[in-house]
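Right, one structure below, let's go through it.
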Amino acid sequence: TCYDNDTVTPFLSGSGGVSSISPLYDWSQINDIIHIIPRNKITVKRMIGKGAFGEVYYGLLADVARQQTPLPVAIKMLPSLCSEQSKSEFFVEAVLLSKLRHPNIVKFLGISVDENSLYLLLELMEGGDLKSFVRECRINGEVPSKVSIYDLLNLCIDVAKGCEYLEQNRFIHRDIAARNCLLSEKGPNRVAKIADFGMTKNVFRTNYYRKNGKAMVPVKWMPPEAFHDGVFTTKTDVWGFGIVLWEVFTLGRIPYPGKSNNEVMTFVAKGGRLDKPDQCSQETYSLMFECWMDKPEDRPNFRNITEELIQIQKSSDLSQETIINGKSSRDYNVTEI
Ligand SMILES: C[C@@H](Oc1cc(-c2cccc(S(C)(=O)=O)c2)cnc1N)c1cc(F)ccc1N1NC=CN1
């Protein structure tokens with residue numbers, strides 16, 4: 001993640017990998033930048049999930065703003081036996097997150113450090129991740145789709161606004177994908193937010209993309225100039241956002257079905273692109289297609305994208321329901337959308 005100069009500034013080495021100068025702070029200043037939370041205020045409840053970087057738990061944070069009821073939180077845990085690099089990345093992520101304040105960016109609450117583990121506390125997004133949510137919306141027999149086209153566009157507008165904020169503040173996320181977006185709730189008042197910057201940076205810095213590697217790397221969300229030359233700009237995130245649009249309108253399909261990462265690189269480099277999802281309008285498809293223009297400068301910026309999505313949403317009235325495999329949720333004679 002590239003960010004402004006007063007934080008650590010990674011630079012791209014020739015190989016396309018990123019080697020960054022080690023943070024020049026003496027970490028004792030960290031308290032001014034990041035809220036340090038006493039460990040005894042935190043109650044860990046249950047594991048939410050595991051990632052390459054560590055584990056994530058659901059927990060409770062006591063005494064927030066003199067509230068009686070504790071605040072539900074998500075806790076990213078780093079075991080202390082991890083490498084110095086992981087520790088440094090943990091703090092770099094915390095410094096970065098502490099600078100971001102936007103309704104469509106997951107709130108960072110602070111860190112908690114003790115002799116055997118590092119905690120990074122985030123607001124708990126009870127709707128889980130966006131990819132799982134849209135997959136759950138598929139009409140699978142008895143359970144009809146519970147979202148309308150209008151709702152899907154709302155989710156995309158939320159993510160676009162979060163990306164617009166990053167663009168304005170010269171942050172590059174580098175891993176905009178439906179799996180990295182979260183929902184405040186599953187209900188109709190759901191708000192989508194961008195999250196998990198650390199994973200991007202952590203994984204990216206450990207040579208995120210390995211051309212001949214075996215590890216699963218999300219080539220499918222990257223533009224040619226990123227997977228070929230390791231060049232990342234805000235237009236990298238625009239490409240990734242186009243893929244998020246496709247993921248949302250296919251209700252969570254994996255991009256380029258059946259193609260390996262290497263096949264996708266060849267296919268995309270030759271101008272191949274994803275097809276229009278069945279239930280997405282021509283104008284929504286034109287927008288995602290523009291996000292995949294070969295030349296980064298030909299792609300729209302996030303301000304254009306947000307405005308365009310809001311225009312499209314105005315014309316898609318509430319009645320338009322999600323149609324999967326030619327069946328409308330109306331076929332199940334339900335009125336809910
Ligand atoms: C770090 C973690 O953050 C969170 C996850 C969930 C969350 C994610 C999934 C399910 C549930 S839930 C509804 O079962 O509480 C809550 C809720 N709030 C978070 N702040 C996260 C951020 C992302 F952007 C994407 C995935 C995850 N993780 N990490 C481990 C699992 N997901």
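Read the numbers this way: they start at 1 and go in the same order the structure lists the ligands and their atoms. We count residues from 1, following the sequence as given.
- For ligand 1, the atoms lying closer than 4.0 Å to a non-hydrogen atom of Asn180 are 24 (F).
- Each of the following atoms of ligand 1 lies closer than 4.0 Å to a heavy atom of Glu126: 13 (C).
- Across all non-hydrogen atoms, the minimal contact from Leu153 to Gln313 is CD1-CA, 3.7 Å.
- Across Met288 and Cys280, no two heavy atoms sit closer than the pair CE-SG, 3.8 Å.
- Comparing Met125, Lys76, Arg46, Met47 against atom 18 (N) of ligand 1, the shortest heavy-atom distance belongs to Met125.
- Near Ala74, meaning under 4.0 Å from one of its heavy atoms, ligand 1 places the atoms 4 (C), 18 (N), 19 (C), 20 (N).
- Note on residues 264-277: no pairs pass side chain to side chain donor-acceptor pair (under 3.5 Å), not counting sequence neighbours.
- Among Glu123, Glu126, Glu185, the one residue that satisfies the salt bridge (charged side-chain N to carboxylate O under 4.0 Å, His left out) test with Lys193 is Glu123.
- Taking both residues in full, the closest heavy atoms of His35 and Leu109 are given as ND1-O, 3.3 Å, listed atom of the first, atom of the second, then distance.
- For a threshold of 3.5 Å applied to N or O pairs, the pair formed by Glu123 and ligand 1 contains at least one separation below that value.
- Looking at Ala195 against ligand 1, both its backbone and its side chain come within 4.0 Å, counting heavy atoms.
- Residue pairs meeting the ring pair (Phe, Tyr, Trp, His ring centres under 6.0 Å) criterion with at least one member in residues 97-121, sequence neighbours excluded, are His102-Tyr165.
- Taking all heavy atoms of Ile48, Leu182, Leu122, Leu183 into account, the minimum distance to atom 4 (C) of ligand 1 is reached by Leu182.
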